[in-house]
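A short write-up of the structure that comes next.
Counting convention: from 1, in listed order, for ligands and their atoms alike.
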Amino acid sequence: MAFNMSEAELKDSTRAFLDSGPKQLFINNGWVAPQSGEYFASLNPASGKPLAEIALANEADVDAAVAAARAAFKGHWSQKFLAGDRAALLFKLADLIDAHADTLAELETLDNGKPYRVSRKGDLPYVTKHLRYQAGWADKIEGSTVPVTFPNQFVYTRREPLGVVAAIIPWNFPLLMAIWKLGPALTAGNTLILKPAEQTPLSALYLADLVAEAGFPPGVVNILTGPGLPTGAALAAHMDIDKLAFTGSTAVGAKIMEAAARSNLKRVSLELGGKSPNVIFADADIPAAVRGAQWAVFSTAGQECVAGSRIFVERAIYNEALDALKGHVEKMQVNHGFAEKVHVGPIITEAQMKRIQGYVTDGQKAGAEIISGGAAIKDLGDGYFFEPTIFAYQDDSLPLVQEEIFGPVAAVTAFDDWDELIQRANSTMYGLAAGVWTRDIAKGHNYAHQVQAGTVWINGYGMIDPAAPFGGYKMSGFGREMGKESIELYTQVKTVWVNTYQDTSKPE
Ligand code: NAP
Ligand code: MG
């Protein structure tokens, strides 16, 4: 498998997909033009050039997709497809994704910018691992029998699907985020409307044909492209959507919750942003910890919700660790995703790059010290590239320490004692993830118990597994994806009471 290639060497299937004209909306297993007649361009962030024209779904298209999903839920999907049948379709879809993995990975790199090696060897295998794990749940979703205080009552519970689920996802792991929602939603017997991010719709649109090929009945999976306004907002406010699963920023998550409350109280689960602390104690394996901290913040160019963007180093080893981190970071190669040597790809959009630059400029003005990087890279063409950047700071109130930058920027600080560390680590509104590096296992566990985060890694960072629950504390959201918790997120419990009283007295 070659990872260094030019775009001229794309697979024929990738080229054919890109060249096949404007991309339409996927409703009822077919492609339909948007009712507004409007299209927008998806750009390649490595070049700034358009890749394809994409349909823009408005409220009327959302209505059509909801009608399709509702009809499928009431009809074939719930009547004829038993748990094992749903699993079989999901396994078939996973096989098809594997068979098309090269093309999907190429589309992911073109649309999102991430290194092709990462798309092909990271995202794609993980997509199908996740789908197969979820498919395995289909025939294991059980209820229980309940020992109530009333006599002669047989009480049992059923776990039933919610109905029509809408999923709104971000651009950083486009296909993976799609499958994180599609897998448990369909496994549990719901139907789905997926809205990919406007910056990265291509892999989801390619997936649509695989959904139809796998044999899912029409209307079970519908894909609507378009921006937050109007497409996402129309989904959030719709009266006939039963659940909205969202991954994205905290600000938009709050808007979605509000829209859900003002419409039909649809269920909401939110996977939101983070500003995750990664702690290196003096007793850690320092080279491993520094390497771990480097990748925790700079992989995917820092555009990861779990990015370990606040690095706390115990003062005794602060200078040593900071020097080592700087040494590693300065060897990182920033380049386009198909280049032979690339560790860090482009930033998703020009606007996002300007935002990152803003944090860097303001951080310097406010007294934080740049240890490495700090500037946009101009000699890689018209794409959006930014140097991996390290800041040293003391003041926890700085915006660059409090706010999610979603770019390749690490903020490093020294700490002296335990209480100070716990207070500072927990001092943002976020609580998605945390890391800690120490050889003292008791210290590691105690830190894990005191830090406010949905996931904690001790002597590691960034692993997310289909079997391990994942989600946020505080303003990083609520609801847990992965593991059996993901099934709870896409089902509701019904309690059934059966009167078993029998008159056993002898007739007079
Ligand atoms: P975003 O701006 O919140 O967008 C996420 C999705 O919401 C996109 O599909 C977006 O549409 C849509 N959207 C925007 N405004 C909307 C509205 N008013 N109503 C309904 N939908 C709306 O986030 P992003 O910039 O794409 O992604 C980065 C963020 O996602 C970061 O904050 C990151 O931490 C978070 N994230 C969290 C996790 C996690 O698991 N916790 C994982 C990955 C990313 P368009 O973009 O198409 O306009
Ligand atoms: Mg794009």
Side-chain angles (χ1 to χ4, degrees), residues 18 23 40-52 54 56-57 62 107-114 166-174 176-178 180-181 194-205 224-238 241 244-260 268-276 300 302-307 309 337 346-352 355 383-384 403-407 430-433 453-455 464 470-482:
L18 292 173
K23 306 287 166 268
F40 63 96
S42 185
L43 306 182
N44 179 343
S47 65
K49 294 202 174 67
L51 290 162
I54 311 290
L56 192 158
V62 168
L107 290 174
E108 212 71 321
T109 292
L110 288 168
D111 215 6
N112 164 281
K114 65 176 68 186
I168 300 182
I169 57 172
W171 42 259
N172 55 348
F173 292 87
L176 194 52
M177 292 292 140
W180 277 17
K181 312 291 191 223
L194 172 73
K195 190 198 91 60
E198 67 186 288
Q199 301 83 356
T200 55
L202 295 180
S203 54
L205 292 170
L224 296 183
T225 42
L229 287 173
T231 320
L235 290 167
H238 204 283
I241 289 175
L244 207 141
F246 175 75
T247 297
S249 61
T250 294
V252 174
K255 284 188 194 164
I256 281 177
M257 229 175 128
E258 191 182 340
V268 172
S269 53
L270 303 174
E271 300 274 7
L272 307 175
K275 190 75 189 178
S276 299
T300 323
Q303 303 169 113
E304 277 192 22
C305 51
V306 297
S309 49
I347 305 304
I348 190 72
T349 57
E350 192 173 11
Q352 176 65 5
R355 207 176 142 255
Y384 320 123
E403 294 171 20
E404 181 177 50
I405 300 178
F406 230 56
Y430 294 113
L432 189 60
T455 296
I464 296 178
F470 177 77
Y473 274 37
K474 301 197 285 185
M475 290 181 81
S476 292
F478 48 81
R480 292 291 176 271
E481 296 187 304
M482 325 294 158

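- Enclosure of atom NZ in K255 is not indicated, since only 12 or fewer non-hydrogen atoms of other residues, nucleotides or ligands lie within 6.0 angstrom.
- Between E198 and S42, the shortest heavy-atom distance links the atoms O-OG, 4.2 Å.
- Distance check, rounded to the nearest 0.5 Å: OG1 of T200 to CG of N112 gives 6.5 Å.
- Ring to ring, F173 and W180 are not that close: their centroids are 6.0 angstrom or more apart.
- Take the Mg ion (ligand 2) as the corner point: the lines to OD1 of D111 and to O of Q199 open at 90°, to the nearest 10 degrees.
- In this structure, the side chains of W171 and Q303 come closer than 4.5 Å at one or more pairs of heavy atoms.
- N44 places no side-chain N or O within donor-acceptor distance of the main-chain N or O of L51, the cut-off being under 3.5 Å.
- Summarising the geometry of K275 relative to E403, their closest heavy-atom pair is NZ-O, 2.9 Å, with the distance given to 0.1 Å.
- At a cut-off of 2.8 Å, L43 is counted among the residues with an N, O or S atom near the Mg ion (ligand 2).
- Within 4.0 Å of ligand 1, counting heavy atoms only, the contacting residues are I168, I169, P170, W171, N172, M177, K195, A197, E198, Q199, G226, P227, G228, G232, A233, F246, T247, G248, S249, V252, K255, I256, E271, L272, G273, C305, E404, F406, L432, F470.
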